Amino acid sequence: MSLPDLSDPRIAAIMTVYFGCLFLAAWIGGDNQRNQWFSPERAGVITILAMFLIQSVGYGDALDSVYRELDLIALTSDIVGLAGFTLIALYASRIWSLFSAGIQLIALLTHFVRLTRENSEMAVMAYNLMKGVPTIAVALIVLLAAALRWRKVRRGKPVRDWVPWRKYERYRALQNELSDF
């Protein structure tokens, strides 16, 4: 397992902000008093941590070859991120999860653009940027969503985290019965 090189102050600053956002989002993202621990915001943090874990385990010491060709480890991580945020978008009563899934889709499509094998310096720089920036943007979106949820809970307003699909099943069954007429 390989962690980022924290001796570089720029990487250390980025990782501090990144994990600070994730910790804060996980801390304020749920309501422990009402037994609502597993909120969509905390599910988003778990998805981002799963992506980070895949990259930490996958890279090892092979970082020098990653930038010369298609990065299969980052591709796998982005597939996990897209799947996780799409599931959250399907089952959560949140708008931010749709944006997060869309941003992860952009990151995933970047890998397929890289398959064109364009080896210009600009293409390599754009590929490397588009591999990392969307995940940081998603972490900031999850932090903002957790802060907004926390503010709503502190004001005493009701928060509906997940969509009650059972309730809508009865409605769809009623629609099907009415369509027979």
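Atom set for the values below is all heavy atoms of this structure, side chains included, hydrogens, waters and symmetry mates excluded. As the structure is a prediction and not an experimental result, all values here were calculated from the model.
One finds the OG1 atom of Thr135 at 9.5 Å from the CE atom of Met130 (value rounded to the nearest 0.5 Å). Atoms CZ and NZ, from Arg151 and Lys157 in turn, are 7.5 Å apart once rounded to the nearest 0.5 Å. To the nearest 0.5 Å, the span separating CD1 on Ile103 from CG on Leu140 amounts to 9.5 Å. In this structure, Ile46 CD1 and Met51 CE are separated by 14.0 Å, a value rounded to the nearest 0.5 Å. Summarising the geometry, atom CD1 belonging to Ile79 is positioned 9.5 Å from atom CD1 belonging to Ile54; distances are rounded to the nearest 0.5 Å.
Residues Val138 and Ile106 do not share a hydrophobic cluster, clusters being chains of Ile/Leu/Val/Met/Phe/Trp/Tyr side chains in contact below 4.5 Å.
A donor-acceptor distance shorter than 3.5 angstrom exists from the side chain of Thr86 to the backbone of Leu82, with no hydrogens or angles considered.
In this structure, the side-chain contact (heavy atoms from CB on, under 4.5 Å) partners of Ser93, at least two apart in sequence or on a different chain, are Arg160, Val163. Here Ser97 pairs with nothing under the side-chain hydrogen bond (donor to acceptor under 3.5 Å, both in side chains) rule; sequence neighbours left out. By the side-chain contact (heavy atoms from CB on, under 4.5 Å) test, Leu144 pairs with Leu148, sequence neighbours left out. Taking the side-chain contact (heavy atoms from CB on, under 4.5 Å) definition, one finds that Arg154 meets it with Trp150, sequence neighbours left out. Judged as a side-chain contact (heavy atoms from CB on, under 4.5 Å), and not counting sequence neighbours, the contacts of Leu87 are Tyr91.
Screening residues 99-110 for side chain to side chain donor-acceptor pair (under 3.5 Å), with sequence neighbours left out, gives Asp78-Gln104.
Between Gln55 and Ala74 the shortest heavy-atom distance is NE2-CA, 4.0 Å. Looking at every heavy atom in both residues, Glu41 comes nearest to Val142 through O-CG1, 3.6 Å.
Between Val45 and Leu49, some side-chain heavy-atom pair lies under the 4.5 Å cut-off.
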Derivation and outcome, side-chain contact (heavy atoms from CB on, under 4.5 Å), residues Trp96 and Ile88: CA-CA 10 Å; Trp96 68 263; Ile88 295 169; 4.2 Å; yes
May I have the step-by-step check of side-chain contact (heavy atoms from CB on, under 4.5 Å) for Phe85 and Ile141, ending in yes or no? CA-CA 12 Å; Phe85 285 113; Ile141 288 172; over 6 Å; no
